[in-house]
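Contents: one structure, followed by commentary.
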Amino acid sequence: MAMTINRSLAAVTLALATMGWAAAGLAKPVTDQEILNDATSTGDVLSYGMGPQAQRFSPLTALNRDTVKGLVPAWAFSFGGEKQRGQESQPLVADGVMYVTGSYSRLWAVDARTGKELWEYNHRLPDGIMPCCDVVNRGAAIHGDKVYFGTLDAKIVALNKETGKVVWSKALEDYKAGYAITSAPLVVDGLIISGIGGGEFGVVGKVYALDAETGEMKWIRPVIEGNVGTLDGKPSTMTGTKNASWQGDQWQTGGGGTWLGGTYDPGTGLLYFGSGNPAPWNSHLRPGDNLYSSSRLAIDPKTGEIKWSYQTTPHDGWDFDGVNEAIPFDLKGADGKVVQAVATADRNGFFFVLDRTNGKFISANPFVSRHDWATGFDDKGRPIYNPDFRPGNPADGGGADGKGKSVFAAPSFLGGKNWMPMAYSQKTGLFYIPSNEWGMDIWNEPITYKKGAAYLGAGFTIKPLYEDHIGALRAMDPATGKIKWEYKNRAPLWGGVMTTAGGLVFFGTPEGYLKALDDETGKELWSFNTGSGVVGSPITWEMDGEQYVAVVSGWGGAVPLWGGDVADYVKSFNQGGMMWVFKLPKKA
């Protein structure tokens with residue numbers, strides 16, 4: 001019988017290949033190979049980051065330095081309702097359909113030519129969800145006949161991409177402990193790979209791999225030493241060595257949320273994930289480096305085993321998450337040799353380049369003007385700390401009401417760069433980093449772990465460093481560590497960046513503008529006000545012979561919630577979720 005069914009399926013597949021999926025009234029399934037080719041295929045956007053490596057670079061050139069001034073809206077789509085808040089999503093486009101996620105775990109399918117809604121999935125969230133930094137969602141994944149996304153109650157949901165009906169739903173962890181998902185999943189060889197948030201509640205960050213068809217869990221990798229992973233439902237290996245850099249049982253509540261997801265390099269066959277800050281923030285309560293928090297990890301996608309790690313902020317005491325995206329690229333040195341490298345711009349204000357085959361440290365250079373906590377990094381990639389800028393131990397006194405000595409240090413805990421993804425241009429060889437210039441008063445407090453309660457042991461107030469700007473988009477040369485140009489913005493930058501072979505760099509601002517700059521000079525060439533702050537990530541694709549650009553607008557995210565003096569400055573910015581799509585007018 002099985003053979004009969006398989007032959008029938010093969011016959012149907014052959015018939016569809018002959019007559020065409022569209023002619024049969026069906027959308028074409030998305031294959032693993034198409035996802036691997038996403039960075040070079042121009043007629044779709046099949047993955048978060050515009051390719052598994054997340055370089056956010058498009059080879060399209062119809063839209064360029066000369067033509068971009070003619071860019072106009074093609075259509076717009078309102079997310080509607082009262083669930084506004086931050087809209088940090090990056091849309092996907094497949095077979096003429098756009099898939100975009102929104103705040104409060106919503107997902108829409110929209111006709112990419114007209115903006116007509118095809119279906120909406122509105123996830124039913126329970127009471128008591130605990131996302132630390134707004135109810136955002138950053139995007140979906142697509143594979144076969146399904147579209148996938150993570151939810152604020154820590155589930156991965158698979159929907160039929162034609163109808164929006166639930167195919168399967170899998171709870172990864174207990175949301176009541178503080179777990180939540182805001183990142184976009186990653187698809188690798190038929191597996192849905194996801195991170196998870198919750199480090200601020202003292203849970204342990206993990207990376208998960210699920211079967212794309214069934215939702216069956218294939219492996220789990222905890223990212224704090226001493227915790228044991230799983231493979232095919234059975235215990236696999238311990239992460240690191242228990243108590244090597246954590247004392248007592250602190251590894252059980254060590255944080256390290258993997259809340260921003262990961263990237264994949266088919267060349268090395270490795271996943272690259274960042275792990276968040278250790279818990280609690282009060283570093284005096286957890287002596288040691290606290291492996292593998294605030295790190296970049298290379299993981300085997302077949303087994304979940306860690307192949308190498310690099311810790312950007314050992315013994316973090318400032319909430320310098322190491323979770324920011326790690327982008328594979330080829331680094332050409334002065335001697336002409338090419339190194340398989342990976343680059344990441346950290347919350348701690350340094351831009352790191354590593355050998356992506358083995359994690360060997362290559363360089364660390366600052367991309368912000370002030371980095372009090374460390375003067376730099378030594379040849380082995382170890383930070384050179386400045387102890388005057390570590391907030392004091394409450395046991396030593398120095399602060400009010402049992403608190404430790406307060407210090408002012410930069411960057412702030414929201415980082416020289418936060419979640420907002422940078423872009424790498426294969427044309428210029430430059431990284432374009434959305435960064436922020438701010439510092440903070442920070443102090444430590446006593447704290448004990450309680451399930452579902454914030455596990456910080458610290459207080460803070462963020463303050464801008466300069467009167468004329470907080471945000472700065474910077475073009476960084478990864479070979480020299482030099483900044484080629486910068487574009488200053490009054491409000492903090494909180495959205496993603498995209499660059500193109502047409503010589504353009506696209507990004508949005510909290511003031512509501514989508515902008516295009518010259519990739520060589522940083523000169524502003526075009527802008528459009530979307531009516532609400534842009535904290536999403538732009539994409540571009542080709543359809544019916546025309547190049548389109550799309551971005552989600554909708555002010556929100558962590559800045560209005562945690563920004564201190566900065567939050568007061570941005571409190572009047574308009575909210576409102578919208579999908580904006582642009583193209584050049586057709587010639588008469």
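Quick note: residue numbers are just sequence positions, from 1.
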Okay, side chain of [X], backbone of [Y]: is any donor-acceptor separation there less than 3.5 Å?
| X | Y | value |
| --- | --- | --- |
| N137 | G150 | yes |
| W119 | L107 | no |
| E120 | R106 | no |
| S435 | K417 | no |
| Y179 | V204 | yes |
| T530 | G512 | yes |
| S78 | G80 | yes |
| N64 | T61 | yes |
| N160 | K165 | no |
| T499 | L504 | yes |

May I ask you to test the [X]-[Y] pair for a side-chain heavy-atom distance under 4.5 Å?
| X | Y | result |
| --- | --- | --- |
| L186 | T263 | no |
| K583 | M543 | no |
| L63 | T500 | no |
| N324 | R296 | yes |
| L159 | V166 | yes |
| L270 | D265 | no |
| V570 | P492 | yes |
| E546 | L584 | no |

Rounded to the nearest 0.5 Å, what's the gap from [atom1] on [X] to [atom2] on [Y]? Could you check?
| X | Y | atom1 | atom2 | value |
| --- | --- | --- | --- | --- |
| I462 | W562 | CD1 | CH2 | 9.5 Å |
| I470 | R490 | CD1 | CZ | 5.5 Å |
| R347 | D319 | CZ | CG | 4.5 Å |
| W75 | D111 | CH2 | CG | 8.0 Å |
| Q426 | S58 | CD | OG | 10.0 Å |
| S572 | N574 | OG | CG | 8.0 Å |

Quiz: residues 122-136 side-chain donor-acceptor pairs under 3.5 angstrom, not counting sequence neighbours:
{"residue": "N122", "atom": "OD1", "partner": "K83", "partner atom": "NZ", "Å": "3.2"}
{"residue": "H123", "atom": "ND1", "partner": "Y121", "partner atom": "OH", "Å": "2.7"}
{"residue": "H123", "atom": "NE2", "partner": "D153", "partner atom": "OD1", "Å": "3.1"}
{"residue": "H123", "atom": "NE2", "partner": "D153", "partner atom": "OD2", "Å": "3.2"}
{"residue": "D134", "atom": "OD1", "partner": "R85", "partner atom": "NE", "Å": "3.0"}
{"residue": "D134", "atom": "OD1", "partner": "R85", "partner atom": "NH2", "Å": "2.9"}
{"residue": "D134", "atom": "OD2", "partner": "G86", "partner atom": "N", "Å": "3.0"}
{"residue": "D134", "atom": "OD2", "partner": "G557", "partner atom": "N", "Å": "2.7"}

To check you understand the geometry: which heavy-atom pair defines the closest contact between [X] and [Y], and what is its length?
| X | Y | value |
| --- | --- | --- |
| I35 | P52 | O-CD, 3.4 Å |
| K161 | Y99 | O-OH, 3.3 Å |
| M498 | T540 | SD-N, 3.5 Å |
| N436 | G471 | OD1-CA, 3.3 Å |
| A140 | P185 | C-CD, 4.1 Å |
| P421 | Y48 | CG-OH, 4.1 Å |

- Message: I'd like to know whether D519 forms a side-chain contact (heavy atoms from CB on, under 4.5 Å) with L430, so could you lay out the CA-CA distance, the side-chain angles of the two residues, the decisive distance to 0.1 Å, and finally the verdict.
- Response: CA-CA 9 Å; D519 64 354; L430 300 174; over 6 Å; no
Would [X] and [Y] count as having a side-chain donor-acceptor pair, cut-off 3.5 Å?
| X | Y | result |
| --- | --- | --- |
| D321 | W259 | yes |
| S103 | Q87 | yes |
| E88 | W494 | yes |
| R138 | S183 | no |
| D38 | S47 | yes |
| N529 | E511 | no |
| K170 | Y208 | no |

- F329 and F431: aromatic ring centres closer than 6.0 Å?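 Between F329 and F431, the centre distance is under 6.0 Å.
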- State whether the number of non-hydrogen atoms from other residues, nucleotides or ligands found under 6.0 Å of Y569 atom OH is greater than 12. yes
- R56 charged N/C atom sitting above Y432 aromatic ring, 6.0 Å / 45°: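 No, R56 does not lie over the aromatic ring of Y432.
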- Message: Working note: E520 + K427, criterion side-chain contact (heavy atoms from CB on, under 4.5 Å); need CA distance, chi angles, decisive distance, verdict.
- Response: CA-CA 10 Å; E520 293 283 0; K427 170 179 167 287; 4.0 Å; yes
- Task: Sorted by first residue and then second, give each ring-ring contact (aromatic ring centres under 6.0 Å, His included) pair with at least one member in residues 526-547; sequence neighbours left out.
- Result: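 As it turns out, the ring-ring contact (aromatic ring centres under 6.0 Å, His included) pairs with a partner in residues 526-547, which skip direct neighbours, are W526-F582, F528-W580, F528-F582, W541-Y548.
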- Task: Could you give me the CA-CA distance, side-chain angles and deciding distance for F77 and V581, then say whether side-chain contact (heavy atoms from CB on, under 4.5 Å) is met?
- Result: CA-CA 9 Å; F77 171 79; V581 177; over 6 Å; no
- Message: Less than 4.0 angstrom from a charged side-chain N to a carboxylate O is my criterion; do R65 and D518 meet it?
- Response: yes
- Task: Determine, stepwise, if the pair N489 / H469 fulfils side-chain contact (heavy atoms from CB on, under 4.5 Å).
- Result: CA-CA 5 Å; N489 194 72; H469 75 286; 5.9 Å; no
